[in-house]
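Written out below as structure tokens is the structure these notes cover.
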Amino acid sequence: MCGITAYVGPRLCLPIVLDELKRLEYRGYDSAGVAAIEDGRVRVIKSVGKIKNLESLVDEANVQSTIGISHTRWATHGRPSTVNAHPHPDCKEEIAVVHNGIIENYMALKEWLISEGHRFRSETDTEVLAHLFEHFMKGNLEEAIREGLKKVHGSYAVAVVSSHFPEGIIVARKDSPLVVGVGEGEFYAASDIPALLPYTREVYLLEDGDMAVLTHDGVRLGRVNGSKVERSIYHVDWDLSAAEKGGYDHFMIKEIHEQPRTIRDTMRGRVTDDSKLNLSEIGLSAEQLNRFNRFYIVACGTAYHAGMVGKYFMEKHLRVPVEAALGSEFRYRDPIIDDKTLVIVVSQSGETADTLAALRDSKQKGATTLAVVNVVGSTIAREADHVLYTWAGPEICVASTKAYVTQLIALYLLGMHLATIKRTLSEPQIAEMVNAMRELPEKVEQHIAGQEEHIIEIARELCRHPAFFYLGRGMDWVTGMEGALKLKEIAYIYAEAFAAGELKHGPLALITGEVAVACVLTQSDLSDKMISNIKEVKAREGLILMVCREGDQNAASVADYMITIPSVTDAFMPVLAIIPLQLLAYYAAKELGCEIDQPRNLAKSVTVE
Ligand code: F6R
């Protein structure tokens with residue numbers, strides 16, 4: 001989980017690699033560093049903290065170089081510190097390495113390299129790479145890197161500069177993302193595409209095992225194992241302005257406001273004007289789909305919550321077992337998988353290590369895999385047998401909002417498509433659902449326009465409560481989980497979601513006047529039961545923040561604070577009900593002066609276990 005960038009060209013490299021790096025800061029931000037070739041020698045500058053700290057050091061150093069690499073770190077091995085920051089040099093400071101990923105056998109390699117006389121400075125796994133390359137350096141850096149990487153178990157995207165090869169930069173990847181950009185006589189590399197967009201739209205999406213040599217003359221692609229490879233250039237046709245704040249204070253609030261558009265984008269081309277579905281893009285025939293008798297939806301964090309809603313929806317309408325599973329658990333529990341199993345993995349980034357591992361395990365065990373993913377060209381998108389893109393656009397805030405809502409839409413579409421093929425829903429039923437779905441963007445817009453000011457007030461009044469509980473039943477419980485996650489991660493308030501029926505089995509003991517209890521009440525068949533649970537909370541002086549449908553008088557009668565949302569069929573209420581909870585978390589965090597887009601200890605793309 002870190003970001004790396006690289007530049008070779010006619011211009012001074014450090015301003016460029018730092019500019020690229022700022023667009024990767026969401027990947028990690030506890031320390032940063034650069035390395036460049038100046039007068040044939042390696043210069044390394046690094047600092048703890050955010051990239052702006054590094055920037056002032058770089059300005060002072062005034063390095064005159066056109067070949068450079070950079071790194072922003074999210075600590076895994078070794079605490080955040082200048083010495084643990086990348087780039088890591090070898091003993092003689094002739095090679096400098098930046099790395100994203102984890103070298104799993106670094107302890108064994110380190111012991112061996114120390115016994116060979118190498119001196120280590122940091123606690124990181126990455127430093128072994130610099131010493132490995134030094135060890136194998138017999139006059140050809142490219143060969144040394146190949147030999148070194150052969151010894152490595154684990155994941156890496158690496159960029160290397162060295163006085164042994166003052167003409168350029170060598171990069172390689174395995175199980176960590178890396179793209180190479182091609183400009184007019186200048187060449188770039190970065191962990192993802194948005195970092196490169198101000199400079200070029202022509203990129204190579206490196207595959208696992210690829211290596212690239214970037215010099216002033218161009219890019220030469222090959223494989224780490226020495227074989228030749230050809231890759232075609234991918235032209236990026238999305239706009240950088242889509243990845244900038246567009247007048248909002250934070251990416252998070254911008255992304256919340258983008259949701260009506262992203263819902264439309266997710267549906268575009270997949271629902272027709274005559275209320276039918278078209279999901280032929282996933283490339284699974286009716287015959288193939290009919291063979292599946294078991295479904296898993298595997299994901300982490302917010303994407304897992306989307307998976308839980310998907311489970312409720314699909315199980316109800318397909319009448320086959322659908323299990324939502326956490327990626328981090330699924331891979332270690334020996335799930336029942338065979339060739340009649342469809343494993344659906346859900347991921348915004350398409351790089352989450354646990355989700356990716358679950359995908360690979362499932363494939364190996366004979367399942368068919370389908371990725372519901374946002375980032376085009378991401379590892380999960382490439383490795384899954386079939387892909388359904390969510391089209392949320394770049395999501396920059398670490399806390400996921402628009403990606404979640406588009407994951408819900410994609411899973412609903414998939415569920416309806418499967419139900420059509422399995423004939424568990426009739427054509428008119430599907431048409432009714434499609435019509436309800438098409439109303440969602442407008443309803444989200446209407447809700448934000450009508451309630452945002454009111455939610456700001458509520459957030460101000462409630463944000464100093466030490467704990468928030470979220471209660472709900474069925475899909476409302478899942479909405480509560482996602483609401484609680486948002487509040488925890490950006491406002492640092494203790495928040496927990498409970499299935500309302502479970503309250504009496506323990507959590508009720510925690511209810512006091514100090515606790516704010518957000519009750520999500522949108523599922524009509526569960527309304528009476530939910531009202532009884534809320535009364536139990538009120539009887540213990542819990543303060544009730546109600547999130548319910550417009551015009552729900554029963555809900556209003558038990559509320560201390562109330563946020564209303566437009567009505568749609570029960571199945572799609574999670575799309576509307578999460579919006580006020582996202583806004584509540586955002587405005588509570590803002591009121592409390594939290595950083596919001598880059599919460600402490602978290603990173604956008606969790607590419608390590
Ligand atoms: C929370 C959040 C995370 C991610 C999780 C999975 O707001 O964003 O919980 O949902 O890390 O990430 P992806 O979807 O990229 O696999």
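Counting starts at 1 for both ligands and their atoms, in listed order.
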Original post:
Are Glu461 and Tyr561 linked by a side-chain donor-acceptor pair shorter than 3.5 Å?
Top reply: yes
Original post:
Do Thr379 and Glu351 have side-chain atoms, one donor and one acceptor, less than 3.5 Å apart?
Top reply: yes
Original post:
If you count the atoms of ligand 1 from 1 in the order shown, which ones are under 4.0 Å from a heavy atom of Lys486?
Top reply: 1 (C), 7 (O)
Original post:
At a 4.0 Å cut-off, with the gap strictly under it, does some heavy atom of Glu351 reach an atom of ligand 1?
Top reply: no
**OP:** Give the ring-plane orientation class for Phe313 versus Tyr412, where under 30° counts as parallel, over 60° as perpendicular and anything between as tilted.
**Re:** perpendicular
**OP:** Please round to the nearest 0.5 Å and tell me the distance separating atom CD1 of Ile51 and atom CD of Glu20.
**Re:** 11.0 Å
**OP:** Name the closest protein heavy atom to atom 11 (O) of ligand 1, giving the residue it belongs to and the distance to 0.1 Å.
**Re:** Val606 CG2, 4.0 Å
**OP:** Do me a favour and list the nearest non-hydrogen protein atom to atom 12 (O) of ligand 1 with residue, atom name and distance?
**Re:** Thr352 OG1, 3.3 Å
**OP:** Among residues two or more places apart or on two chains, list those pairs meeting ring pair (Phe, Tyr, Trp, His ring centres under 6.0 Å) that have a residue in residues 465-487.
**Re:** Phe469-Phe498
Original post:
ring-ring contact (aromatic ring centres under 6.0 Å, His included) with Tyr296: which residues, sequence neighbours excluded?
Top reply: Phe330
Original post:
What atoms of ligand 1 come closer than 4.0 angstrom to any heavy atom of Ser349?
Top reply: 13 (P), 15 (O), 16 (O)
Original post:
Is it true that Val398 lies under 4.0 Å from ligand 1, counting heavy atoms only?
Top reply: yes
**OP:** Would you tell me which option among Ala303, Cys300, Gly327, Ala353 has the nearest heavy-atom contact to atom 6 (C) of ligand 1?
**Re:** Cys300
Original post:
Looking at atom 4 (C) of ligand 1, what's its closest protein heavy atom, distance included?
Top reply: Thr302 N, 4.0 Å
Subject >> Protein residue, atom and distance nearest to atom 7 (O) of ligand 1, heavy-atom basis >> reply: Glu489 OE2, 2.4 Å
Original post:
Is the closest basic N to carboxylate O distance between Arg173 and Asp208 below 4.0 Å?
Top reply: yes
Subject >> Nearest neighbour in protein (non-hydrogen) for atom 14 (O) of ligand 1 >> reply: Gln348 N, 2.6 Å
